[in-house]
Amino acid sequence: MYHEYTYHDAMYEHDGEEIFVIDSHVHLWDASKENVKHEGGEQFIQCFYDYHTGFTPEDRQWSMDEYRQYDPDRMAEDLFSNAAVDMGIFQPTYLNEFYHEGFNTVDDNARLADRYPERFVLNGRFDPREGEAGKRELRRQKEEHDIQGVKLYTAEWLGDSKGWRLDSEEAFEFLELCAELGVENIHPHKGPTIRPLNRDAFDVADVDDAASSFPELNFVVEHVGLPRLDDFCWIAAQEPNVYGGLAVAAPLAVHRPRKFGEIMGELLFWLGEDRLLFGSDYALWNPDWLIETVMDAELTDEQRDEYGVELTTDVWRKIMGENAAELYDIDIEAKKRAFASDDVAERFGLRDHYAGADVAAD
Amino acid sequence: MSTHTDRLGTSERAVRRRLDRVTDPELDESIVALDYVDEVAIEGRQVRVAFTLPTAWCSPAFAWMMATDAREAVEALPGVDRARIRLREHLHEAEINEGVNEGLAFAEAFPDADGGVAEVRATLDAKARLARQYDAVEALLEAGLDPRQVATLEFTDLWIDDPAVAFVRGRSVGVSVAADPIESYLEKARETGLVADDHPELFRTPEGDPIPVDRFELIQHRCRLATVNMGGQGSVCDALNEARRAENRPPLSPEEHIP
């Protein structure tokens with residue numbers, strides 16, 4: 001059933017130094033045939049599968065049936081055992097028009113997050129078109145799940161509407177509510193076209209106004225705006241509370257390492273090393289091979305000269321974990337000490353994984 | 001063109017050369033070089049062109065632009081009366097094929113679409129112009145011009161030949177430079193209306209204004225970013241194209257899966 005077991009006895013290392021990995025973009029979804037209610041739901045998962053196979057090494061690809069729906073056990077295995085992810089941040093995607101019970105809801109995600117609360121950050125979501133009912137739902141998510149952030153899907157369908165904008169009056173009311181509730185991290189999906197959603201609904205321009213109007217919130221633009229990396233970088237260069245989530249950009253390192261180097265060069269040039277967050281987008285891609293591939297990536301000499309940047313251990317430590325820890329108030333050293341003997345360490349035999357932390361704690 | 005060619009129609013080579021000028025607007029690369037063109041068939045003065053895009057859900061507006069551009073490019077050949085374009089394996093192939101071949105407007109073919117195709121084209125053309133400006137400016141710097149000279153260079157300071165010549169220092173000195181990047185830039189500068197506007201300067205900011213010398217480096221960095229963005233998106237399209245054409249890929253048609 002699983003591809004292979006490659007237990008990680010130790011944390012990821014870069015040039016011999018340990019890297020604490022917070023995978024800032026993970027999902028627990030259900031695109032089973034029973035859950036698909038609209039043709040769009042079937043197109044959506046098939047489109048995901050194209051992204052999966054297009055960027056996954058052949059021997060690590062899932063079958064379509066596995067891909068439709070996986071359970072919390074497999075997800076825990078894939079994150080903590082097959083890969084050395086230390087923590088994950090859930091980013092829900094509702095798509096209620098496409099799926100009877102939603103595609104990847106905060107309550108779905110809670111099934112795993114509640115089992116290992118110290119290992120996960122559970123984000124919520126809002127849709128400004130839902131009005132007062134939507135605000136009540138956002139308050140419920142805060143109360144029940146203590147959400148620290150929201151994932152926003154501006155291309156989601158609702159009735160006749162094919163999307164919404166982050167700089168609309170209605171969206172601003174929800175952002176005000178986020179600020180009031182202490183939900184500080186806003187993750188708008190601004191990425192590649194996903195069938196059958198409208199490409200223009202992922203236009204990154206609306207982030208600009210929202211970010212400058214809400215300086216107390218952080219805007220993590222997921223997928224760094226691809227295919228509008230240029231618009232994204234220019235906005236981020238001017239708005240200090242705009243961050244870049246690397247999901248989708250990261251797997252370019254597999255077959256297109258040179259392109260990946262260029263994109264990293266641009267991101268480091270315009271945003272710097274403190275405003276980039278790694279995300280696997282699991283289960284779009286598995287973090288095990290992805291983290292290794294990404295951290296093995298090197299800039300060419302030409303790229304180093306052009307951008308004046310370097311993918312050093314310090315840079316990777318920030319991108320892989322420290323930047324997310326900063327946004328979500330995570331104390332990495334305290335986590336390492338706690339993780340040496342938590343349920344995940346017990347279940348997956350990771351006692352040695354945090355051996356370095358044990359010493360530091362003594 | 002001779003009457004002989006007119007009577008006989010055209011050749012596949014001539015058609016492909018015309019199609020080579022049609023670009024994928026998001027990548028600013030020729031649809032021939034990108035290998036989108038599957039088939040060219042010539043019957044007398046009628047030409048049929050079939051093409052396939054990397055994904056079935058490529059933006060309908062982009063697909064529309066490529067299809068209309070292909071039709072116009074081929075029909076501009078002296079030996080061609082009519083070109084029929086067939087887009088294959090696309091979610092909206094029916095609307096696009098019918099609309100383009102019947103000469104409809106985008107809004108007629110897609111009554112639900114929010115905006116027109118002209119606006120999308122203008123945005124992408126502006127980005128393509130920046131990417132081409134990057135290459136042209138790099139070529140001039142390479143040829144020995146300094147940033148101030150590049151920023152203040154005017155359209156009339158260029159002599160297009162092979163190689164091209166850029167005149168500086170009050171046009172007293174001519175510097176040879178590779179013609180390709182310069183010509184390629186001029187083509188997009190023309191399409192984006194920069195050649196005929198109020199400014200004589202050859203190169204511009206993203207907003208279309210002349211480049212202040214102290215912002216030269218920043219503007220060139222933004223042009224580089226436009227280049228990297230287009231290349232990055234090209235990589236994503238490539239990967240999806242390969243995934244789509246892989247053996248054992250689940251069928252595209254959704255009906256059989258719906259419970």
Side-chain angles (χ1 to χ4, degrees), chain A residues 32-43 45-47 49-56 58 63-64 67-68 162-163 192-201 224-234 237 248-249 251-252 254-256 258-260 262-263 265-266 269-270 306-307, chain B residues 26-27 54-62 90-92 112-115 119-120 123-124 126-127 130-131 134 138 206 218 220-259:
Chain A
S32 61
K33 291 174 188 175
E34 295 71 32
N35 196 26
V36 171
K37 95 170 173 197
H38 179 280
E39 181 183 328
E42 182 59 31
Q43 292 173 350
I45 191 66
Q46 292 215 13
C47 178
Y49 193 65
D50 275 353
Y51 278 101
H52 171 70
T53 55
F55 291 99
T56 299
E58 209 161 330
S63 73
M64 186 64 187
Y67 204 67
R68 282 182 183 277
K162 297 286 190 281
T193 313
I194 300 170
R195 185 185 175 209
L197 306 177
N198 183 345
R199 176 186 183 279
D200 293 328
V224 293
L226 290 168
R228 296 175 172 103
L229 180 74
D230 48 348
D231 299 336
F232 165 69
C233 285
W234 182 240
V248 178
L252 282 171
V254 183
H255 300 303
R256 274 98 180 153
R258 204 187 146 78
K259 282 288 164 216
F260 177 73
E262 267 180 20
I263 290 172
E266 293 290 353
F269 180 85
W270 293 100
E306 179 67 38
Y307 296 107
Chain B
E26 192 179 31
L27 311 180
T55 70
W57 60 91
C58 268
S59 154
F62 298 174
H90 192 276
L91 207 56
H92 297 289
D112 293 344
D114 295 339
E119 196 185 326
V120 180
T123 304
L124 292 171
K127 290 185 177 203
L130 290 178
Y134 177 76
E138 287 298 298
L218 173 69
Q220 187 63 349
H221 285 149
R222 291 189 67 183
C223 292
R224 179 185 68 196
L225 183 54
T227 309
V228 169
N229 181 53
M230 286 185 158
Q233 185 54 20
S235 298
V236 172
C237 292
D238 269 358
L240 292 176
N241 195 13
E242 284 165 25
R244 180 186 191 185
R245 288 161 197 261
E247 287 175 43
N248 306 325
R249 193 207 170 281
L252 199 63
S253 169
E255 281 76 17
E256 62 189 277
H257 296 290
I258 300 291

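So you know, we letter chains A, B, ... as the sequences are listed, proteins then strands, and number each from 1.
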(request) Please state whether the side chain, the backbone, both or neither of I263(A) comes within less than 4.5 Å of a heavy atom of chain B. (result) both

(message) Which heavy atom of P227(A) sits nearest to which heavy atom of Q233(B), and what is that distance?
(response) CB-OE1, 2.9 Å

(request) Find the distance between CD (Q43(A)) and CG (L91(B)) and round it off to the nearest 0.5 Å. (result) 5.5 Å

(message) Could you measure the distance from the CZ atom of R228(A) to the CD atom of E26(B)? Nearest 0.5 Å is fine.
(response) 8.0 Å

(message) Nearest 0.5 angstrom please: F269(A) CZ to L225(B) CG, how far?
(response) 9.0 Å

(message) Check whether N229(B) reaches the backbone of L229(A) with its side chain - one donor and one acceptor, N or O, closer than 3.5 Å.
(response) yes

(request) Side chain from CB out, backbone as N, CA, C, O: work out which of these in E266(A) comes under 4.5 Å of a heavy atom of chain B, or both, or neither. (result) side chain

(message) Could you measure the distance from the NZ atom of K127(B) to the CG atom of D231(A)? Nearest 0.5 Å is fine.
(response) 3.5 Å

(message) Minimum heavy-atom separation for S235(B) and K259(A), please, with both atom names.
(response) OG-CG, 3.0 Å

(request) Could you tell me whether the side chain of D238(B) reaches within less than 4.5 Å of the side chain of H255(A), counting heavy atoms only? (result) no

(request) Identify which of M230(B), R222(B), H221(B) forms the greatest number of heavy-atom pairs closer than 4.5 Å to chain A. (result) R222(B)

(message) Looking at every heavy atom in both A239(B) and R256(A), which two are closest together, and how far apart are they?
(response) N-NH2, 3.7 Å

(request) Check whether F55(A) gets within reach of chain B through its side chain, its backbone, both or neither, counting any heavy atom under 4.5 Å. (result) side chain

